[in-house]
Amino acid sequence: MTQPPDDLTILALETSCDETAAAVVRGGRKMLANVVASQMDTHQRFGGIVPEIASRQHILSLAPVVEEALRAVPGGWAGVHAVAATYGPGLSGALLTGLNTAKAIAWQRGLPFVGVNHLEAHIYASWLDHDEGPTANDQRRTQTSGRPSSAALRRSSGPPEFPLVALVVSGGHTLLALLRAHGDYTLLGQTRDDAVGEAFDKVARILGLGYPGGPAIQRAAQGVTPAGTLPRAWLRESYDFSFSGIKTAVLHKVQERQELASRMPKAPAPEHKVPRGRAAGPQPAAAGAQPAPLDPVFVGQMAHAFQESVVDVLTAKAVDAAARHGASAILLAGGVAANTRLREELARRAPIPVHCPPLDLCTDNAAMVAAAAYYRFAAGVQSGWEIDVNPTLRLGA
Ligand code: KG4
Ligand code: ZN
């Protein structure tokens, strides 16, 4: 592997889903610019992502985000040495906009180009230089060592050291992978049905909490006094996951609750709206029926029980995989890594360091794409102009 120069500066684009992002990263770690134009508001009224709208919005946003990112580069375009873009997995139309823009920029400016796997990019968010806020690991160390808390609460993280176990948890993917070196991935397990972020989004819809579901569930679960638990799909002897059963368990509890409420005599209730989402899941009431509105205490308890169940399984499997493979650290990656309970619980249970990028680097961004691209260039990889989008690209492909 020829190490690219420390000052290799990469412009990267990310358009795999509903964020239009451009970033410029130097040496694989130093973010000069990290611009994200979120389409959240546009999709929120539909209760989920509408792929055609996402593509159209990327086309409108790409030029402004690239221009904004470039303004932060000393020397402007002259300071950019290479270009990268996500080519999969993701929505094909959305991927096309970023990939084609990046290829056009690279071709026109005579710069090397590399396509990046979105899942790999999420993992590489842990290589970006950033000041980490407090983690449960930090807090625990502070308590046991008696050091003043301020000493441990802000520190700059060093690069993770191999071998590593990565837990990638996003809206489209849930997987555990072993990394022995840069680019050397072994898939240990993955979801057999819904991705965990998808489960958060579907359960939020069932509970009438809106989109995106992850942050809404986290908010609803905060400070709730637990009342019962939900089942966990352990799939013993395997690092695979399953989240569709727990989603159905929540749906059944909601239906029972609504049936009970409908038998109680009371004043007419306002119409209960269930937002539609990107993957149409089961609805809490039969079409035409007038379901009773859910009581917020019940919603909080369901959100809490769901979050605890999911966090328990994800954490247990990641910690077990890390021990079995002698990992020196666990990397937590993907949009669901923004979940506070997951971050806390993983750091509390893992006997080794847990690298969690800051929240804005957990959700989709282009800085992570640039970081992954740096190590692709380091391995001598470059993409030809014939590279096309791959909506179902897998890790390690
Ligand atoms: O990685 P990401 O930004 O996009 C994909 O590649 O899918 O992940 C988006 C997912 C959504 O399902 C969203 O509900 C979830 O991440 N998410 C969360 C939280 N913040 C975002 N899930 C749980 N807790 C959160 N705080
Ligand atoms: Zn993502």
Side-chain angles (χ1 to χ4, degrees), residues 1-6 8 10 12 25-31 84 86 114-132 135-138 141 155-170 173-190 239-241 314-334 336-337 342-343 346-347 349-358 361-362 365 367-382 393-397:
M1 179 186 290
T2 337
Q3 188 67 20
D6 281 351
L8 183 83
I10 300 173
V25 174
R26 181 162 290 166
R29 284 178 62 79
K30 187 174 166 39
M31 286 181 280
T86 304
V114 76
V116 170
N117 181 320
H118 182 80
L119 301 171
E120 190 172 322
H122 271 302
I123 292 173
Y124 272 88
S126 284
W127 267 265
L128 290 166
D129 228 349
H130 56 261
D131 274 337
E132 276 186 19
T135 66
N137 253 353
D138 287 327
R141 272 198 298 276
R155 65 188 162 79
S156 186
S157 62
E161 281 175 26
F162 299 105
L164 296 159
V165 159
L167 174 62
V168 182
V169 279
S170 76
H173 302 273
T174 304
L175 59 87
L176 262 175
L178 173 66
L179 278 81
R180 290 196 185 82
H182 288 296
D184 177 355
Y185 303 96
T186 305
L187 188 64
L188 302 175
Q190 60 190 326
Y239 289 123
D240 280 353
F241 302 95
L314 289 172
T315 306
K317 294 208 175 204
V319 170
D320 188 89
R324 179 166 302 183
H325 294 281
S328 63
I330 297 174
L331 306 184
L332 182 57
V336 182
L342 178 59
R343 296 161 82 95
L346 195 53
R349 289 198 214 172
I352 51 177
V354 175
H355 291 259
C356 302
L361 296 178
C362 286
N365 66 85
M368 66 186 193
V369 177
Y374 181 84
Y375 294 96
R376 304 264 293 164
F377 283 124
V381 180
Q382 274 193 38
L393 186 64
R394 296 162 65 90
L395 189 68

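Sequential numbering from 1 along the given sequence is applied to the chain's residues. All values derive from a computational prediction rather than experimental measurement.
Heavy atoms only, all atoms of each residue included: A318 and I330 are closest at O-CD1, 3.9 Å. L361 approaches A367 most closely through the heavy-atom pair CD2-CB, 4.4 Å. I10 and A84 get closest at one heavy-atom pair: CG2-CB, 4.1 Å.
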| task | List the steps and the verdict of side chain to side chain contact (heavy atoms under 4.5 Å, CB included) for V336 and S170. | result | CA-CA 5 Å; V336 182; S170 76; 5.6 Å; no
| said: Please determine whether side chain to side chain contact (heavy atoms under 4.5 Å, CB included) holds for the pair Y374 and V25, giving the CA-CA distance in whole Å, both sets of side-chain angles, and the decisive distance to 0.1 Å. | reply: CA-CA 9 Å; Y374 181 84; V25 174; over 6 Å; no
| Where do L332 and R343 land on the side chain to side chain contact (heavy atoms under 4.5 Å, CB included) test, with the steps shown first? | CA-CA 8 Å; L332 182 57; R343 296 161 82 95; 4.0 Å; yes
| field | From CA spacing to verdict: side chain to side chain contact (heavy atoms under 4.5 Å, CB included), L119, Y185 | value | CA-CA 11 Å; L119 301 171; Y185 303 96; over 6 Å; no
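The distance from the NE2 atom of H355 to the CG atom of L128 is 13.0 Å, given to the nearest 0.5 Å. Distance CG/D320 to OG1/T315: 12.0 Å, rounded to 0.5 Å. Atom CZ in F241 sits 8.0 Å away from atom CG in L175 (nearest 0.5 Å). Atom NE2 of H130 and atom NZ of K30 lie 14.0 Å apart (nearest 0.5 Å). Rounding to the nearest 0.5 angstrom, the gap separating the CG atom in N117 from the NE2 atom in H122 is 10.0 Å. Taken from CG in L395 to OG1 in T186, the straight-line distance is 9.5 Å, to the nearest 0.5 Å.
Annotation: side chain of E120 is in contact with side chain of R376 (closest heavy-atom distance under 4.5 Å). Looking at R324 and L188, their side chains never come closer than 4.5 Å, going by heavy atoms from C-beta outward. The closest side-chain heavy-atom distance from Y375 to W127 is below 4.5 Å. Inter-residue side-chain proximity for T174 and Q190 is flagged as unmet; no heavy-atom pair is nearer than 4.5 Å. No side-chain heavy atom of P163 sits less than 4.5 Å from a side-chain heavy atom of L179.
H182 has its ring centre less than 6.0 Å from the ring centre of Y124.
Not counting sequence neighbours, the partners of A316 by the side-chain contact (heavy atoms from CB on, under 4.5 Å) test are W234, R349.
Side chain of D129 to backbone of M31: no donor-acceptor contact under 3.5 angstrom is found. Checked by atom type and distance alone, the side chain of S328 pairs as donor or acceptor with a backbone atom of E161 at under 3.5 Å.
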